[in-house]
Structure formats: structure tokens, C-alpha cells
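Scroll down for the structure; my scribbles are underneath it.
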Amino acid sequence: PKPSIDWPSTSGGSAGPALVPARIMEGSATASSSSSAPPAAKRQRRTSEDGAAKAAASASKAPEVEAAAAAEGAAEAEGDEDAALNFSESSESEMPDDDDSSDDSEDDAPRNRIGNVPLSWYDDEDHVGYDLAGEKIMRTITGGEIDALLESKDNPNAWRTIKDHKNQREIVLTDTDLEIIRRLRKRMYPSKQTDVTEMPEFDNPEAAIHPVYGDNPPKRRFIPSKWERMKVKRLVSLLKEGKIRPPPPPKPEVWDLWADEAPQRRRAPRPLPAPKMALPGHAESYNPPSEYLMTEEEKKTFEEQDESERTVTHVPEKYDALRRVPAYKEFIQERFKRCLDLYLVPRALRQKMNIDPASLLPKLPSPKDLRPFPTHVSVSYEGHRGMIRGVSVDSSGQWLATVSADNTMIIWEVASGRPFRSMKFKSTATAVAWNPKYLLLAVAADDAIFFVDPGLEDITFKAPAEATEESATKEVNVQSLLTFKTSTNAALELDADGNPVADGAKARAVRWANIEKDDPLYACGCRLKIPTDGDVTQLVWHTKGNYCAAVSPKANAPSNQCIIHALLQQKSMRPFSKLKGGQVQSCAFHPNKPHFIVATQKSVRLYDLQKQTPLKQLVSGAKWISSISVHSTGDHVVVGSYDRRLIWFDLDFGNKPYKSLQYHDRAVRSVAFHPGKYPLLAAASDDATVSILHAKVYSDLLQSPMIVPVKRLRDHAVHQGFGVLSCVWHPHQPWLFTVGADHRVYLWA
């Protein structure tokens, strides 16, 4: 006798084990025969398989199925399996031919509708669940192992009977079901008709994912890959060299057995509060003061502005009572924007540091302790009718010279403000400079540089060291200095081959000429002149009074942008054939050494005049340099730029700026150190103001200079976009002379 098979149902709520073989048979047989059999054969086979499942499920109801089961039992007893299968197929063929699958059978449908509820919950009850109508499914399958053993002796079909505990019914497996189970356990296809040799033909070619071809596989599939061999060889070499190391073993976890408390978990940040809206001011009042009401021009400007540029959200209006205030039409829109701000704007938790802001600021001395420095206008010099371009004061501090766009140069008496002498040119006078040793002037006007004897005093001076040996033995006065030397200027300029150079614009810039006595300028004191290649913007004298440097940024020849003129020898030198960095903007002589400092548009260069070699290049970082000034010690240089900055260089430290200061809203036109003992620095700007800074330089190299702004001078006015154009210090007093585009000259004391 064969042992009975008792398959208890799982708690997953399935339809029962009896339905599994029938459905497997249905799916496998249908899938395997769909590719090879015609549609009619497929339908017949599926119908027969469905009939077998239905017969197995309703064995107690259909007499045809009972006869089939009896015949199958007899056939099995005789060992004729094929007869049993043929009889089952013949019996199924007599059943109605319909296309309904086994899933649609009411007998196969699960009776118990408790879902995924485990059956162990009903162990103490007399029922196991509820059917579709809500009636209790009573417990009918009872008995233990002894009852099952007795049943297997009495019932010949007990070995093929399955107990469905969830639905409380017994299901007898057919030979077809047993055959499917046998084949599945042997890892075979459920149906014998499954053809695995043929490729399925797809009705939709676009859905085909497997290529159908009969070509022989290529040889390369059976040969080891050359690239993999090279990669493995490379990895092996790296492993031998020690460049690839195995990952280190994980660190052992060490637990402190004697710890009192477990490590505290990090707390989440507290919720951030929403930012509060600004409180309403006087402009939001329904009855604001009159100064908050807008004029028609202000309303027009308010309407033309963008919302992000407006200072108020609406136009203030005045009402005599609150009940007369109409509804605010922008209320909903503002509330919506507020909601967007609360929802979309990201917030971050910032850790605030309890630091006093005063402790972060440098400790600067009080301006009262840094006196003296100029604070107010002491003398106003009136007489010019045009934009004043340049200013210079003589070494004694008694005389002041200014040049203006009205083609005049005026010499003033500093103490009284009285114009002592005036000189008229044919075109704009652009620059002026007093000689530091001799009482004479250099003036740039009429496309030339004039050396002028103002005739103020007849005082003799001793010759400087640069003079010739013959002139050093005797006294030199202004008249002898300004006497034209024919022998020196008679020879023509020669080129490298010794041929005379044509008298062009480049050659004229170094040609000295005498002023004839019948010339109107001779009566005004002009004695010598040098033609220029473009307008001269700056004239600078050497401290010993022999050399004068002229700067012409717009000269046609690059070598004429900066020319040094020797007064005693009456010769001119062009030290630079061409400078990198753009046009020459300003220049200055070193006060103690034979060095020459030239400022181009973006950099400052330092040259040695004796060795004729460059020494250093200072990187300013400015977009356009306007002026330059050297400290009296010669170790510090200040540069002014059109991008509103003051740049301080320490020549002993490097080529980068020591400080970059910004005190003005517009371009810085001129900067100047005090030439005497006072630690003062002035910066004139196009915003019509002058900044006075206390700039003290220490002899100790370890101590940094002290730079403190002490005063802002504001009496000038902006005219045609220009403010204060130039400034210069008094040589002995803490006084400042400023000239501007507003035709004014001031002495600040």
C-alpha cells in the first residue's frame, strides 16, 4: 500500500494545494503547446486539462468523474498507465467544450474568505472562517495520525487524497495531476508536448528580443581574450611592486565595560522660527505727516522703479478718518508672496559669537592727538575763469603758481592771496612746477615746455653737484641758467650709424629753443622752450634742481611719453623706448637715491638711472593709475587710481601692496605726501573732497606704518563731472593747496 499524502494548507490564504497542480498543468501545457500546435489543438488540449482539474475538484458531485476515478484506479492496479490517461482524456472529451479556464470554476474558488488571517486564530473555535455569503465554515476534517492510518487501510485512494484544512474539503488527485507532479519533481517540463527545439515565431517583429540566425559561432569566442590577459598581467605587476595593497582589516570594536553611561546621541537642531516682517512706519499710516507724502515727480519715479528697488511698498496717502480708508488692492498678492517666502526661502542655523564689535576694530588714536593737520579754508585765491589743471609752490613757501584752462598762469603770494604776476598763452596750460633750488618755473602750454624766470628776487645759489667742473667753481644765478647754449644744441641728433636724424615729431621733443626778445612771452619771463609730442600732464623736478621730467601720455611716439630734461646741460634724454603696461601716467624721482619711478596704467616700475637697469615692478591691482607720490624717506610709495583707491607700497617688503584704502566715491585724481617733517598724506578726488590721513612711518622696520584718516575737506564743488584736480603741500607748514574744476584755489590751514 502507498502512504497517504496529507498536505496542510498554509496560513497565506491560498486556494488550496489541490488547485496548484491543475493550474501548473494549465499554464505549462498551454505555454508549451502554444508555439507548435494549431489554435484548435491548443483549445482542445486546454479544455481537456481544465476538465481534469474540474473533475478532481468535484469528484463527489459528478457521476462521470466518479466513473473516471474508478476506471483510473482499476487501470493503475493493472499497471496500465496509458489506459488510465487515455480514459481520462476520453472522459474529459465528453464534457462540454468551453474556453473557460480552471480559474473560473466555482468549485476551485476558495470557500474561506478570511484572507491572510492565520488559521491558528481559529484553533479554539468550531469553525475555520467564513464563506462568501458570510456563513461559518464548520470544522469537518478531524482526526489524528491513527485515523489517517486506518483511513489509508480502508480507502484505496487515500494515498492520492489531499486535505484542504482552510476550505475544509478533501481533494483526490487524478493521474494527470500525479504525472505533472512527478515530472516537476524530476525537473522536467510539466507536459510531454513541450517542444524546446524550435524557436517561437513572433507575430510582432518589433517585440522580438532574441536574434534568429543559423551562423556558426566565431573563433574568437573559444580563444582567451588578449586584453583580459594584458589587464591581468598589469594587475599582477602592480601587486608585485606593492602599488596595490589589500584593504586593511577592520579595526576591532572595543567596548568600555566599565563605562557609566552610553554615548549620548546627537540631538536634532531645534525648529527655526520664521523671520518676522518689518513693523510698519509712518509711511504706512492712514494719516501720515506731510513730509512722507509724495509729489507728482516722486510718484512718477516710484511707478517707474522696479519692485526690488522701492523703499516703500505703496504710495502714502492721507485720510481724515480710518473708516474712509479703502481696501488695499495688493493685500492678497502680498500675503501670497509672504507665504512663498516662508515656504521657499531656505533657512540656516547660524552660530552667533558673543564678540564685542568694538574689539574687532583696530585701536586708532583720536584725531585730536594727531594734530596739526588742515581743517578749514584759510585763503581763497580768485582770478581764474576756467578749470584749474595744476598747482605748485616754491621751496620757500612764499609763492604759488597755478595753470588753468583759460590759457593763463598766475603766480600768487601765499600769505595774502594777491596775484603777483599773470602770463597768457595761446592754448590751455596743463602743468606747472617750481624748481626746488632756483627761483624759476617750468610751464607746459602751447605744445611746449617753457622755462620761466618770474623775476621775483635776485638771489644767487651755488651750483649743484651735477654741474660741470667749470661751473661748480662759480656762483650760478637764474639768468645764466636760462641762457640758451648755442654750442650744445647746434649738433643734430645722430642715429646708430652716425647719420643725422630727420627733424620729426620724435626729434622735436628733445630740441631746445631760445625765446626771441620780440616774442610777447619773453616779456613775461619765458627764456627757453622745448616742443612736446602731445599735451604734458605732469612736470616733476629732481630735488637738486637740475633735472625735470615731463609726462605726455598721448604722445605719438612711445619714447616721448616720458622725457627727462637737464637744465644745466640743456639736453634731453628719453630713458624708455617703449614701456609695457600701457601709457605712462605719472613719474617721480627718488628723494635720496638715483632712482626713477614710473607709473603706467596698471603697474609701477622702479629704475636705476646710473646703471640704467630696472630694479623692481610693483603690482598695483588697479585698473587705471592716475598719480604717484614718494615718501620723504624714499621707502614708501602711494598710488592713486581712477577706481577710487589709494594703494600703499612698502619698497622694502615686496612688490605687492601693503595697504589698499578706499575713502572716495569717485576717481582719485592726485595724491601727495608732505615733503617736510609732518606725517601727512592728502588724496584729491572727483567727488569734490580731499581726504587727509595721518601717515606716520617709523624707522624701525619691525613696526608697521600708522595710517589714520583724520579729516575730510569738502568746500570744492563738482563741475562738469570733475572735482578736485590737484593738491600740493606747503614745504614747511601743515598747509594744503587744492585746485578744482570749479575755478577755485584754496589754502587749507
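Sequence positions, counted from 1, serve as the residue numbers for this chain.
Distance check: Gln561 CD to Cys587 SG gives 11.5 Å after rounding to the nearest 0.5 Å. Taking CG of Leu646 as the start and CG of Leu681 as the end, the distance is 6.5 Å to the nearest 0.5 Å.
Side-chain atoms of Asp742 come within 3.5 Å of backbone N or O of Ala717 as a donor-acceptor pair. At least one donor-acceptor pair closer than 3.5 Å links the side chain of Trp541 to the backbone N or O of Ala433.
Below 30°, between 30° and 60°, or above 60°: for Phe576 and Tyr607 the angle between ring planes is between 30° and 60°, a tilted geometry. The aromatic rings of Trp624 and Tyr642 sit perpendicular, their planes meeting at an angle over 60°, well past the 30° parallel limit.
Each of Arg666, Arg714, Arg712 was scored for a side chain to side chain donor-acceptor pair (under 3.5 Å) with Thr689, with one residue passing: Arg712.
Two rings, from Trp648 and Phe673, have their centers less than 6.0 Å apart. You'll find the ring centres of Tyr746 and His716 inside the 6.0 Å limit.
Residues Asp519 and Cys526 fail the side-chain proximity criterion, which asks for heavy atoms closer than 4.5 Å. Side-chain contact check for Ile388 versus Leu725: every heavy-atom pair is 4.5 Å or farther apart. Under the 4.5 Å side-chain criterion, counting only non-hydrogen atoms from C-beta, Ser552 is not in contact with Asn560. You'll find the side chain of Pro679 stays beyond 4.5 Å of the side chain of Met706, heavy atoms only. Using a 4.5 Å heavy-atom cutoff, the side chains of Val379 and Trp412 are not in contact. Leu441 has its side chain within reach of Met409: a pair of non-hydrogen atoms, C-beta onward, lies under 4.5 Å apart. Side-chain atoms of Trp729 and Pro374, non-hydrogen and from C-beta on, do get closer than 4.5 Å to each other. Using a 4.5 Å cut-off on side-chain heavy atoms (C-beta onward), Ser726 and Arg389 make no contact.
Counted within 6.0 Å of CZ on Arg385, heavy atoms from surrounding residues, nucleotides or ligands total 12 or fewer; the atom is thus considered open. Taking a 6.0 Å sphere around CD of Gln703, one finds it holds more than 12 heavy atoms contributed by other residues, nucleotides or ligands. Around the NZ atom of Lys623, the shell of radius 6.0 Å holds no more than 12 heavy atoms that belong to other residues, nucleotides or ligands. The environment of Lys696 atom NZ is sparse: at most 12 non-hydrogen atoms of other residues, nucleotides or ligands sit within 6.0 angstrom. No more than 12 heavy atoms of other residues, nucleotides or ligands shown are found within 6.0 angstrom of CD on Glu297.
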Kindly determine whether Val697 and Asp635 satisfy side chain to side chain contact (heavy atoms under 4.5 Å, CB included), including the steps that lead there.
CA-CA 9 Å; Val697 176; Asp635 296 333; over 6 Å; no

As a quick check of understanding, evaluate side chain to side chain contact (heavy atoms under 4.5 Å, CB included) for Ile515 and Phe450, giving each step before the final call.
CA-CA 9 Å; Ile515 303 294; Phe450 297 93; 4.1 Å; yes

Kindly indicate, with the supporting measurements, whether the criterion side-chain hydrogen bond (donor to acceptor under 3.5 Å, both in side chains) is fulfilled by Trp512 and Ser572.
CA-CA 8 Å; Trp512 291 64; Ser572 299; 2.9 Å; yes

Let's go through Trp399 and Glu413 carefully: what are the C-alpha distance in whole Å and the side-chain angles of both, what is the deciding distance for side chain to side chain contact (heavy atoms under 4.5 Å, CB included) to 0.1 Å, and is it a yes or a no?
CA-CA 5 Å; Trp399 307 103; Glu413 189 178 11; 4.1 Å; yes

I'd like to know whether Val630 forms a side chain to side chain contact (heavy atoms under 4.5 Å, CB included) with Phe589, so could you lay out the CA-CA distance, the side-chain angles of the two residues, the decisive distance to 0.1 Å, and finally the verdict.
CA-CA 8 Å; Val630 184; Phe589 288 98; over 6 Å; no

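A cation-pi arrangement is found for Arg527 relative to Tyr522, the charged atom lying closer than 6.0 Å to the ring centre and inside a 45° cone about the ring normal.
With hydrogens and angles left out, the side-chain atoms of Asp447 and Thr532 include no donor and acceptor closer than 3.5 Å.
Ion pairing of Asp686 with Arg669 is present here, as a side-chain N (NZ or NE/NH1/NH2) and a carboxylate O approach within less than 4.0 Å.
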